[in-house]
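Take a look at the structure below.
Order of the sequence lines sets the chain letters (A, B, ...), proteins ahead of strands, with each chain counted from 1.
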Number of protein chains: 2
Amino acid sequence: MNSDTYQLDETDRRILLALDADPRVPIMMLAQQLGLARGTVQSRLERLANSGALRPNTARILPAAMGRGVSAFVSAELDQARLNEAIAGLRQIPEVLECVAPAGDTDLLIRVAATDPDDLYRVSEEIRLCPGITRTSTSMILRDVIPFRTTELLRKLSGEKH
Amino acid sequence: MNSDTYQLDETDRRILLALDADPRVPIMMLAQQLGLARGTVQSRLERLANSGALRPNTARILPAAMGRGVSAFVSAELDQARLNEAIAGLRQIPEVLECVAPAGDTDLLIRVAATDPDDLYRVSEEIRLCPGITRTSTSMILRDVIPFRTTELLRKLSGEKH
DNA sequence: TAGATTTTAGTCAAAATGACCAGTATCTCC
DNA sequence: GGAGATACTGGTCATTTTGACTAAAATCTA
(Lines give C-alpha, C1' and ligand atoms only; values in the text may rest on other atoms or scores of the structure.)
Protein backbone atom coordinates (compact mmCIF):
# COMPACT_ATOMS: atom_id res chain seq x y z
CA MET A 1 0.00 0.00 0.00
CA ASN A 2 2.81 2.31 0.87
CA SER A 3 4.29 3.93 -2.19
CA ASP A 4 7.72 3.84 -0.55
CA THR A 5 7.71 0.07 -0.80
CA TYR A 6 10.73 -1.44 -2.41
CA GLN A 7 10.00 -1.96 -6.07
CA LEU A 8 11.14 -5.19 -7.67
CA ASP A 9 13.02 -4.78 -10.90
CA GLU A 10 13.29 -7.21 -13.75
CA THR A 11 16.24 -9.03 -12.21
CA ASP A 12 14.49 -9.41 -8.88
CA ARG A 13 11.48 -10.81 -10.64
CA ARG A 14 13.53 -13.30 -12.61
CA ILE A 15 15.23 -14.46 -9.43
CA LEU A 16 11.98 -14.78 -7.55
CA LEU A 17 10.35 -16.66 -10.38
CA ALA A 18 13.29 -19.04 -10.60
CA LEU A 19 13.16 -19.52 -6.84
CA ASP A 20 9.61 -20.77 -7.20
CA ALA A 21 10.81 -24.12 -8.41
CA ASP A 22 12.93 -24.57 -5.31
CA PRO A 23 13.41 -21.80 -2.75
CA ARG A 24 16.62 -23.37 -1.54
CA VAL A 25 18.62 -23.91 -4.72
CA PRO A 26 22.27 -23.00 -4.33
CA ILE A 27 23.03 -19.46 -5.44
CA MET A 28 25.47 -20.78 -8.02
CA MET A 29 22.82 -22.79 -9.81
CA LEU A 30 20.52 -19.80 -9.82
CA ALA A 31 23.25 -17.59 -11.18
CA GLN A 32 24.15 -19.80 -14.08
CA GLN A 33 20.56 -20.61 -14.79
CA LEU A 34 19.80 -16.90 -15.05
CA GLY A 35 23.05 -15.95 -16.73
CA LEU A 36 24.15 -13.68 -13.91
CA ALA A 37 27.31 -13.48 -11.89
CA ARG A 38 27.18 -15.25 -8.59
CA GLY A 39 27.92 -12.06 -6.66
CA THR A 40 24.98 -10.36 -8.27
CA VAL A 41 22.49 -13.01 -7.26
CA GLN A 42 24.01 -13.15 -3.83
CA SER A 43 23.61 -9.44 -3.19
CA ARG A 44 20.17 -9.40 -4.78
CA LEU A 45 18.94 -12.13 -2.48
CA GLU A 46 20.31 -10.31 0.50
CA ARG A 47 18.63 -7.11 -0.57
CA LEU A 48 15.35 -8.87 -1.21
CA ALA A 49 15.39 -10.43 2.23
CA ASN A 50 15.70 -7.01 3.82
CA SER A 51 13.49 -5.12 1.42
CA GLY A 52 10.22 -5.77 3.16
CA ALA A 53 8.79 -6.87 -0.16
CA LEU A 54 8.18 -10.41 1.04
CA ARG A 55 5.86 -11.96 3.55
CA PRO A 56 7.36 -14.27 6.16
CA ASN A 57 8.08 -17.75 4.94
CA THR A 58 5.39 -19.28 7.10
CA ALA A 59 2.80 -17.32 5.13
CA ARG A 60 3.27 -20.08 2.57
CA ILE A 61 1.72 -22.70 4.81
CA LEU A 62 -1.74 -23.75 3.77
CA PRO A 63 -4.11 -23.69 6.74
CA ALA A 64 -5.33 -27.15 5.76
CA ALA A 65 -1.86 -28.52 6.53
CA MET A 66 -2.34 -27.33 10.09
CA GLY A 67 -5.61 -29.14 10.39
CA ARG A 68 -7.50 -25.94 9.69
CA GLY A 69 -9.49 -27.10 6.71
CA VAL A 70 -12.37 -24.75 7.34
CA SER A 71 -11.84 -21.14 6.30
CA ALA A 72 -14.16 -18.20 6.44
CA PHE A 73 -14.47 -14.49 6.07
CA VAL A 74 -15.79 -12.67 9.06
CA SER A 75 -16.97 -9.14 8.36
CA ALA A 76 -17.09 -6.91 11.36
CA GLU A 77 -18.59 -3.58 12.11
CA LEU A 78 -17.12 -1.59 14.89
CA ASP A 79 -17.06 1.42 17.06
CA GLN A 80 -14.68 3.46 14.94
CA ALA A 81 -13.21 5.17 17.95
CA ARG A 82 -11.95 1.84 19.23
CA LEU A 83 -10.39 0.66 16.00
CA ASN A 84 -6.95 0.18 17.47
CA GLU A 85 -8.23 -1.80 20.41
CA ALA A 86 -10.14 -4.03 18.06
CA ILE A 87 -7.09 -4.63 15.90
CA ALA A 88 -4.99 -5.43 18.93
CA GLY A 89 -7.62 -7.94 20.00
CA LEU A 90 -7.76 -9.57 16.62
CA ARG A 91 -4.01 -9.86 16.44
CA GLN A 92 -4.12 -12.02 19.55
CA ILE A 93 -6.37 -14.60 17.96
CA PRO A 94 -4.19 -17.20 16.23
CA GLU A 95 -7.01 -18.25 13.92
CA VAL A 96 -7.11 -14.75 12.44
CA LEU A 97 -4.93 -15.14 9.39
CA GLU A 98 -5.47 -11.78 7.82
CA CYS A 99 -7.49 -8.62 8.25
CA VAL A 100 -8.16 -5.74 5.89
CA ALA A 101 -10.23 -2.59 6.04
CA PRO A 102 -12.35 -2.32 2.91
CA ALA A 103 -14.34 0.65 1.69
CA GLY A 104 -18.06 0.17 2.25
CA ASP A 105 -20.23 -0.87 5.15
CA THR A 106 -18.01 -3.56 6.62
CA ASP A 107 -15.31 -1.97 8.68
CA LEU A 108 -13.06 -5.01 8.83
CA LEU A 109 -12.88 -8.11 6.75
CA ILE A 110 -11.20 -10.91 8.63
CA ARG A 111 -9.92 -14.14 7.25
CA VAL A 112 -10.02 -17.01 9.69
CA ALA A 113 -9.17 -20.71 9.72
CA ALA A 114 -10.75 -23.37 11.88
CA THR A 115 -10.69 -27.11 12.34
CA ASP A 116 -14.42 -27.61 11.73
CA PRO A 117 -17.67 -25.64 11.72
CA ASP A 118 -17.87 -25.88 15.47
CA ASP A 119 -14.45 -24.43 15.87
CA LEU A 120 -15.35 -21.76 13.36
CA TYR A 121 -18.23 -20.78 15.54
CA ARG A 122 -15.94 -20.53 18.52
CA VAL A 123 -13.51 -18.33 16.62
CA SER A 124 -16.19 -15.98 15.35
CA GLU A 125 -17.47 -15.77 18.90
CA GLU A 126 -14.02 -14.77 19.99
CA ILE A 127 -13.90 -12.09 17.34
CA ARG A 128 -17.26 -10.77 18.36
CA LEU A 129 -15.89 -10.33 21.86
CA CYS A 130 -13.01 -8.12 20.77
CA PRO A 131 -13.29 -4.64 22.24
CA GLY A 132 -14.92 -2.21 19.86
CA ILE A 133 -16.47 -4.82 17.64
CA THR A 134 -20.22 -4.36 17.52
CA ARG A 135 -21.43 -6.83 14.94
CA THR A 136 -20.00 -9.66 12.89
CA SER A 137 -21.17 -11.82 10.07
CA THR A 138 -19.43 -15.02 9.10
CA SER A 139 -19.34 -16.53 5.67
CA MET A 140 -17.68 -19.88 5.20
CA ILE A 141 -15.43 -20.48 2.24
CA LEU A 142 -16.82 -23.39 0.30
CA ARG A 143 -14.05 -23.68 -2.22
CA ASP A 144 -10.61 -22.28 -2.80
CA VAL A 145 -11.06 -21.58 -6.47
CA ILE A 146 -7.74 -19.88 -7.16
CA PRO A 147 -5.24 -20.13 -4.31
CA PHE A 148 -3.22 -17.01 -3.67
CA ARG A 149 -0.67 -16.41 -6.39
CA THR A 150 1.42 -13.62 -7.84
CA THR A 151 3.03 -15.65 -10.58
CA GLU A 152 0.82 -14.39 -13.37
CA LEU A 153 1.34 -10.80 -12.35
CA LEU A 154 5.08 -11.30 -12.13
CA ARG A 155 5.15 -12.82 -15.55
CA LYS A 156 3.04 -10.03 -16.97
CA LEU A 157 5.49 -7.48 -15.62
CA SER A 158 8.39 -9.35 -17.15
CA GLY A 159 6.65 -9.41 -20.48
CA GLU A 160 5.89 -5.73 -20.66
CA LYS A 161 9.22 -4.30 -21.62
CA HIS A 162 12.26 -6.51 -21.37
CA MET B 1 -9.89 -27.88 2.38
CA ASN B 2 -9.09 -31.44 1.46
CA SER B 3 -8.81 -33.66 4.46
CA ASP B 4 -6.16 -35.71 2.70
CA THR B 5 -3.80 -32.78 2.92
CA TYR B 6 -0.43 -33.53 4.42
CA GLN B 7 -0.54 -32.71 8.10
CA LEU B 8 2.41 -30.93 9.62
CA ASP B 9 3.72 -32.46 12.81
CA GLU B 10 5.53 -30.77 15.64
CA THR B 11 8.93 -31.17 13.99
CA ASP B 12 7.69 -29.76 10.71
CA ARG B 13 6.28 -26.80 12.55
CA ARG B 14 9.48 -26.16 14.42
CA ILE B 15 11.43 -26.28 11.20
CA LEU B 16 9.04 -23.96 9.42
CA LEU B 17 9.04 -21.51 12.29
CA ALA B 18 12.83 -21.50 12.37
CA LEU B 19 12.90 -20.99 8.63
CA ASP B 20 10.93 -17.79 9.06
CA ALA B 21 13.98 -15.90 10.17
CA ASP B 22 15.82 -16.87 6.99
CA PRO B 23 14.40 -19.34 4.51
CA ARG B 24 17.86 -20.08 3.18
CA VAL B 25 19.85 -20.89 6.30
CA PRO B 26 22.14 -23.87 5.82
CA ILE B 27 20.57 -27.12 6.93
CA MET B 28 23.36 -27.68 9.42
CA MET B 29 22.58 -24.49 11.30
CA LEU B 30 18.92 -25.40 11.39
CA ALA B 31 19.72 -28.85 12.68
CA GLN B 32 21.87 -27.73 15.54
CA GLN B 33 19.57 -24.87 16.34
CA LEU B 34 16.68 -27.31 16.65
CA GLY B 35 18.67 -30.11 18.22
CA LEU B 36 18.06 -32.52 15.38
CA ALA B 37 20.37 -34.62 13.26
CA ARG B 38 21.27 -33.08 9.94
CA GLY B 39 19.82 -35.97 8.01
CA THR B 40 16.51 -35.54 9.74
CA VAL B 41 16.16 -31.90 8.81
CA GLN B 42 17.36 -32.67 5.31
CA SER B 43 14.71 -35.30 4.70
CA ARG B 44 12.04 -33.24 6.40
CA LEU B 45 12.71 -30.31 4.14
CA GLU B 46 12.54 -32.54 1.12
CA ARG B 47 9.28 -34.01 2.26
CA LEU B 48 7.82 -30.59 3.02
CA ALA B 49 8.72 -29.36 -0.43
CA ASN B 50 6.79 -32.21 -2.00
CA SER B 51 3.96 -32.34 0.49
CA GLY B 52 1.73 -29.78 -1.16
CA ALA B 53 1.39 -28.08 2.18
CA LEU B 54 3.10 -24.90 0.98
CA ARG B 55 2.17 -22.21 -1.48
CA PRO B 56 4.71 -21.33 -4.14
CA ASN B 57 7.49 -19.09 -2.99
CA THR B 58 6.27 -16.17 -5.08
CA ALA B 59 3.09 -16.11 -3.02
CA ARG B 60 5.25 -14.26 -0.51
CA ILE B 61 5.60 -11.23 -2.71
CA LEU B 62 3.61 -8.24 -1.57
CA PRO B 63 1.64 -6.79 -4.47
CA ALA B 64 2.88 -3.34 -3.50
CA ALA B 65 6.41 -4.42 -4.41
CA MET B 66 5.19 -5.02 -7.92
CA GLY B 67 3.77 -1.55 -8.17
CA ARG B 68 0.31 -2.85 -7.33
CA GLY B 69 -0.40 -0.73 -4.31
CA VAL B 70 -4.14 -0.75 -4.83
CA SER B 71 -5.96 -3.91 -3.77
CA ALA B 72 -9.62 -4.74 -3.79
CA PHE B 73 -12.18 -7.44 -3.36
CA VAL B 74 -14.46 -7.99 -6.29
CA SER B 75 -17.56 -9.98 -5.49
CA ALA B 76 -19.16 -11.60 -8.46
CA GLU B 77 -22.46 -13.23 -9.13
CA LEU B 78 -22.65 -15.66 -11.93
CA ASP B 79 -24.59 -17.99 -14.06
CA GLN B 80 -23.95 -21.10 -12.00
CA ALA B 81 -24.00 -23.32 -15.02
CA ARG B 82 -20.97 -21.54 -16.40
CA LEU B 83 -18.88 -21.64 -13.26
CA ASN B 84 -15.96 -23.40 -14.85
CA GLU B 85 -15.82 -21.01 -17.76
CA ALA B 86 -15.82 -18.12 -15.35
CA ILE B 87 -12.99 -19.61 -13.33
CA ALA B 88 -10.96 -20.27 -16.43
CA GLY B 89 -11.46 -16.65 -17.45
CA LEU B 90 -10.40 -15.34 -14.08
CA ARG B 91 -7.32 -17.48 -14.06
CA GLN B 92 -6.15 -15.68 -17.18
CA ILE B 93 -6.21 -12.29 -15.53
CA PRO B 94 -2.83 -11.67 -13.91
CA GLU B 95 -4.28 -9.11 -11.52
CA VAL B 96 -6.50 -11.78 -10.00
CA LEU B 97 -4.45 -12.88 -7.01
CA GLU B 98 -6.96 -15.18 -5.41
CA CYS B 99 -10.51 -16.36 -5.71
CA VAL B 100 -12.75 -18.20 -3.31
CA ALA B 101 -16.35 -19.35 -3.33
CA PRO B 102 -18.07 -18.27 -0.13
CA ALA B 103 -21.44 -19.33 1.20
CA GLY B 104 -24.01 -16.61 0.76
CA ASP B 105 -25.19 -14.40 -2.05
CA THR B 106 -21.80 -13.69 -3.64
CA ASP B 107 -20.79 -16.59 -5.78
CA LEU B 108 -17.14 -15.67 -6.05
CA LEU B 109 -14.96 -13.38 -4.01
CA ILE B 110 -11.98 -12.24 -5.99
CA ARG B 111 -8.89 -10.55 -4.67
CA VAL B 112 -7.26 -8.22 -7.17
CA ALA B 113 -4.27 -5.90 -7.26
CA ALA B 114 -3.89 -2.80 -9.40
CA THR B 115 -1.52 0.07 -9.91
CA ASP B 116 -4.07 2.78 -9.17
CA PRO B 117 -7.84 3.31 -9.03
CA ASP B 118 -7.97 3.68 -12.79
CA ASP B 119 -6.22 0.39 -13.26
CA LEU B 120 -8.53 -1.15 -10.68
CA TYR B 121 -11.46 -0.06 -12.77
CA ARG B 122 -9.93 -1.67 -15.82
CA VAL B 123 -9.36 -4.93 -13.97
CA SER B 124 -12.87 -5.08 -12.58
CA GLU B 125 -14.12 -4.39 -16.08
CA GLU B 126 -12.09 -7.33 -17.28
CA ILE B 127 -13.61 -9.53 -14.60
CA ARG B 128 -17.10 -8.41 -15.51
CA LEU B 129 -16.41 -9.57 -19.04
CA CYS B 130 -15.54 -13.12 -18.05
CA PRO B 131 -18.01 -15.62 -19.45
CA GLY B 132 -20.72 -16.50 -16.98
CA ILE B 133 -20.20 -13.52 -14.74
CA THR B 134 -23.40 -11.52 -14.47
CA ARG B 135 -22.70 -8.87 -11.91
CA THR B 136 -19.74 -7.60 -9.92
CA SER B 137 -19.21 -5.22 -7.09
CA THR B 138 -15.80 -3.85 -6.21
CA SER B 139 -14.67 -2.78 -2.81
CA MET B 140 -11.25 -1.24 -2.46
CA ILE B 141 -9.02 -2.23 0.43
CA LEU B 142 -8.18 0.90 2.38
CA ARG B 143 -5.77 -0.66 4.79
CA ASP B 144 -3.95 -3.92 5.26
CA VAL B 145 -4.61 -4.24 8.96
CA ILE B 146 -3.08 -7.66 9.55
CA PRO B 147 -1.07 -8.99 6.60
CA PHE B 148 -1.48 -12.68 5.95
CA ARG B 149 0.20 -14.79 8.59
CA THR B 150 0.12 -18.27 10.01
CA THR B 151 2.73 -17.71 12.69
CA GLU B 152 0.31 -17.34 15.55
CA LEU B 153 -1.58 -20.46 14.58
CA LEU B 154 1.64 -22.42 14.21
CA ARG B 155 2.78 -21.31 17.61
CA LYS B 156 -0.57 -22.17 19.14
CA LEU B 157 -0.31 -25.69 17.75
CA SER B 158 3.18 -26.08 19.15
CA GLY B 159 1.98 -25.00 22.54
CA GLU B 160 -0.95 -27.38 22.77
CA LYS B 161 0.75 -30.63 23.67
CA HIS B 162 4.49 -30.92 23.34
C1' DT C 1 30.45 13.75 -19.49
C1' DA C 2 31.69 12.80 -14.85
C1' DG C 3 30.44 10.40 -10.78
C1' DA C 4 27.97 6.90 -8.67
C1' DT C 5 26.22 2.52 -8.62
C1' DT C 6 26.00 -2.37 -10.37
C1' DT C 7 27.66 -6.10 -12.31
C1' DT C 8 31.19 -9.14 -13.57
C1' DA C 9 34.73 -12.58 -13.00
C1' DG C 10 38.11 -13.97 -10.26
C1' DT C 11 40.40 -15.46 -5.65
C1' DC C 12 40.52 -17.77 -0.96
C1' DA C 13 39.79 -20.75 3.17
C1' DA C 14 35.99 -22.56 5.59
C1' DA C 15 31.72 -24.69 5.55
C1' DA C 16 27.75 -27.10 3.70
C1' DT C 17 25.94 -30.52 0.59
C1' DG C 18 23.99 -34.90 -0.94
C1' DA C 19 24.48 -39.54 -0.60
C1' DC C 20 25.67 -42.93 1.94
C1' DC C 21 25.82 -46.20 6.21
C1' DA C 22 24.66 -49.15 10.39
C1' DG C 23 22.66 -48.78 14.83
C1' DT C 24 18.91 -47.26 17.75
C1' DA C 25 14.48 -45.49 18.89
C1' DT C 26 9.55 -45.04 17.98
C1' DC C 27 5.13 -46.27 15.87
C1' DT C 28 1.53 -49.15 14.53
C1' DC C 29 -1.22 -52.77 13.96
C1' DC C 30 -2.38 -57.60 14.52
C1' DG D 1 3.38 -57.78 23.61
C1' DG D 2 6.03 -58.26 19.82
C1' DA D 3 7.31 -58.04 14.74
C1' DG D 4 7.92 -55.12 11.03
C1' DA D 5 7.93 -50.72 9.25
C1' DT D 6 9.33 -46.19 9.70
C1' DA D 7 12.04 -42.36 11.44
C1' DC D 8 16.00 -40.55 13.76
C1' DT D 9 20.89 -40.42 14.98
C1' DG D 10 25.69 -39.77 14.31
C1' DG D 11 29.13 -40.89 11.42
C1' DT D 12 31.74 -41.01 6.83
C1' DC D 13 33.05 -39.38 2.05
C1' DA D 14 34.29 -36.48 -2.11
C1' DT D 15 32.43 -32.55 -4.23
C1' DT D 16 30.26 -28.14 -4.21
C1' DT D 17 28.89 -23.93 -2.21
C1' DT D 18 29.51 -20.12 0.69
C1' DG D 19 30.78 -15.50 2.26
C1' DA D 20 33.97 -12.09 1.93
C1' DC D 21 37.03 -9.92 -0.92
C1' DT D 22 39.15 -8.07 -5.12
C1' DA D 23 39.74 -4.92 -9.50
C1' DA D 24 37.91 -4.00 -13.80
C1' DA D 25 34.03 -3.34 -16.92
C1' DA D 26 29.42 -1.90 -17.75
C1' DT D 27 25.40 0.78 -16.75
C1' DC D 28 22.73 4.54 -14.85
C1' DT D 29 21.86 9.24 -13.95
C1' DA D 30 22.22 13.94 -13.00
Side-chain angles (χ1 to χ4, degrees), chain A residues 3-54 56-58 60-62 64-67 115 154 157-162, chain B residues 2-54 56-58 60-61 64-67 115 154 157-162:
Chain A
S3 64
D4 63 346
T5 311
Y6 173 78
Q7 292 297 310
L8 305 174
D9 67 11
E10 178 60 17
T11 307
D12 290 323
R13 276 179 254 135
R14 292 213 303 141
I15 292 177
L16 256 359
L17 237 17
L19 236 35
D20 236 6
D22 171 9
R24 292 183 58 92
V25 272
I27 298 182
M28 298 201 90
M29 311 254 93
L30 256 191
Q32 68 181 77
Q33 184 184 330
L34 297 176
L36 296 171
R38 179 175 71 106
T40 307
V41 179
Q42 191 170 331
S43 51
R44 288 294 189 140
L45 281 179
E46 199 163 330
R47 179 177 9 161
L48 275 172
N50 304 323
S51 67
L54 302 177
N57 194 251
T58 45
R60 290 177 57 205
I61 304 172
L62 295 170
M66 296 183 288
T115 57
L154 266 189
L157 292 183
S158 296
E160 267 164 9
K161 46 178 173 184
H162 52 153
Chain B
N2 247 325
S3 63
D4 64 344
T5 310
Y6 172 78
Q7 293 295 312
L8 305 174
D9 68 9
E10 177 60 17
T11 307
D12 290 323
R13 277 179 254 134
R14 291 212 304 141
I15 292 177
L16 256 0
L17 237 17
L19 237 32
D20 236 7
D22 172 9
R24 293 182 57 91
V25 271
I27 298 182
M28 298 200 89
M29 310 255 95
L30 257 191
Q32 65 181 80
Q33 185 184 327
L34 298 176
L36 296 170
R38 180 171 73 103
T40 307
V41 179
Q42 191 170 329
S43 52
R44 288 292 189 139
L45 282 178
E46 200 163 330
R47 176 171 19 153
L48 275 172
N50 303 324
S51 67
L54 301 177
N57 194 250
T58 45
R60 290 177 57 205
I61 304 173
M66 296 182 288
T115 56
L154 267 190
L157 291 184
S158 296
E160 266 164 14
K161 47 179 172 185
H162 52 152

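The span of DNA chain C lying next to chain B, judged by atoms under 4.0 Å from heavy atoms, is bounded 5' to 3' by C/dA16 to C/dA19.
By the 4.5 Å heavy-atom criterion applied to side chains, A/Arg38 and A/Val41 are not counted as neighbours. The closest side-chain heavy-atom distance from B/Glu10 to B/Ser158 is below 4.5 Å. Residues B/Arg14 and B/Leu36 form a side-chain contact, since some pair of their non-hydrogen atoms from C-beta on lies under 4.5 Å apart. Looking only at side-chain heavy atoms (C-beta outward), B/Arg24 and A/Leu19 come within less than 4.5 Å of each other. At least one side-chain heavy atom of B/Asp9 sits under 4.5 Å from a side-chain heavy atom of B/Arg44. Looking only at side-chain heavy atoms (C-beta outward), B/Leu157 and B/Leu8 stay at 4.5 Å or farther from each other.
Sequence order on DNA chain C of the closest nucleotides to A/Ser43 and B/Pro26 puts A/Ser43 first from the 5' end.
Only B/Leu36, B/Ala37, B/Arg38, B/Thr40, listed by number, bring a heavy atom of residues 29-42 of chain B to less than 4.0 angstrom from any atom of DNA chain D.
Here the P atom of nucleotide D/dA7 and the CG atom of B/Asp12 are 11 Å apart, to the nearest Å. Between A/Asp9 atom CG and D/dC28 atom C1' the separation is 13 Å, expressed in whole Å. Rounded to an integer number of Å, the gap from CD1 of A/Ile27 to C1' of D/dG19 is 9 Å. Spacing between atom CD of B/Glu46 and atom P of D/dT6 amounts to 17 Å, rounded to whole angstrom units.
Between the side chain of A/Gln7 and the backbone N or O of B/Ala64, at least one donor-acceptor pair lies under 3.5 Å.
For the side chain to side chain contact (heavy atoms under 4.5 Å, CB included) with B/Ile15, the lone residue among B/Ile27, B/Thr40, B/Leu34 that qualifies is B/Leu34.
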